[in-house]
Amino acid sequence: MDFEKLQEIIADELDVDKDEVKPEAKLIDDLGADSLSIVELQMSIEDESGVKIPEEDVQKLITVQDIFDAIKKAE
């Protein structure tokens, strides 16, 4: 999955502008995510990419870059 596709998924799931979804953006502090929206985001990413993000890794995902790195690691 490329970064642009990830941006689209995150913007869609969190109902934010795609321009706000930058690598350094924090999911909770900057993009307004909560625990439920992070789980929904995880499911959407897994559906789109076909990659399973381990549950223990999901809890460590703070920024958009963290998610991108986790997808690349799992591919």
Side-chain angles (χ1 to χ4, degrees):
M1 174 180 292
D2 64 12
F3 190 77
E4 192 169 312
K5 181 65 179 167
L6 179 61
Q7 271 184 309
E8 289 173 15
I9 294 169
I10 293 172
D12 220 30
E13 282 294 323
L14 300 181
D15 197 27
V16 295
D17 194 275
K18 188 177 167 187
D19 294 337
E20 293 179 51
V21 184
K22 298 178 172 78
E24 68 276 8
K26 293 182 177 154
L27 297 172
I28 294 170
D29 296 340
D30 299 331
L31 301 177
D34 58 22
S35 55
L36 178 61
S37 58
I38 289 175
V39 170
E40 291 171 345
L41 183 58
Q42 174 192 7
M43 291 188 306
S44 292
I45 290 168
E46 289 176 352
D47 287 347
E48 286 288 328
S49 67
V51 170
K52 175 86 174 101
I53 301 171
E55 200 61 47
E56 62 273 8
D57 288 352
V58 172
Q59 297 167 8
K60 300 175 194 166
L61 303 178
I62 306 298
T63 66
V64 173
Q65 185 67 51
D66 293 340
I67 295 174
F68 190 68
D69 293 344
I71 293 168
K72 290 298 170 197
K73 180 179 154 190
E75 282 182 332

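Note: hydrogens, waters and symmetry copies are ignored here, and every other heavy atom, side chains too, is used.
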Is [Y] close to [X] at the side-chain level, that is, under 4.5 Å between some pair of heavy atoms?
| X | Y | answer |
| --- | --- | --- |
| Leu31 | Val64 | yes |
| Thr63 | Glu24 | no |
| Gln65 | Asp69 | yes |

Would one find more than 12 heavy atoms of other residues, nucleotides or ligands at under 6.0 Å from atom [atom1] of [X]?
| X | atom1 | answer |
| --- | --- | --- |
| Asp2 | CG | yes |
| Lys52 | NZ | yes |
| Glu4 | CD | no |

Would you say [Y] ends up clustered with [X] if hydrophobic residues are merged whenever their side chains have heavy atoms under 4.5 Å apart, either directly or through other cluster members?
| X | Y | answer |
| --- | --- | --- |
| Leu41 | Met1 | yes |
| Ile28 | Val16 | yes |
| Val39 | Leu6 | no |
| Ile38 | Ile9 | yes |

Pairing of Asp12 and Lys18 as salt bridge, 4.0 angstrom limit: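 Judged by the 4.0 Å cut-off on N to carboxylate O distance, Asp12 and Lys18 do not form a salt bridge.
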Can you measure from [atom1] ([X]) to [atom2] ([Y]) and round to the nearest 0.5 angstrom?
| X | Y | atom1 | atom2 | value |
| --- | --- | --- | --- | --- |
| Ile71 | Glu46 | CD1 | CD | 9.0 Å |
| Ser35 | Gln59 | OG | CD | 11.0 Å |
| Glu20 | Gln7 | CD | CD | 11.0 Å |
| Ile53 | Gln42 | CD1 | CD | 6.0 Å |
| Leu14 | Asp34 | CG | CG | 8.5 Å |

Check: Asp47 side chain, Ser44 main-chain N or O, donor-acceptor pair, under 3.5 Å: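 No, because the side chain of Asp47 does not come within donor-acceptor range (under 3.5 Å) of the backbone of Ser44.
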Donor-acceptor contact below 3.5 Å, side chain Ser37 vs main chain Ala33: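 Side chain of Ser37 to backbone of Ala33, a donor-acceptor pair under 3.5 Å: no, none is there.
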Atom of Phe68, atom of Phe3 and distance for their closest heavy-atom approach: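 That would be CE1-N, 3.5 Å.
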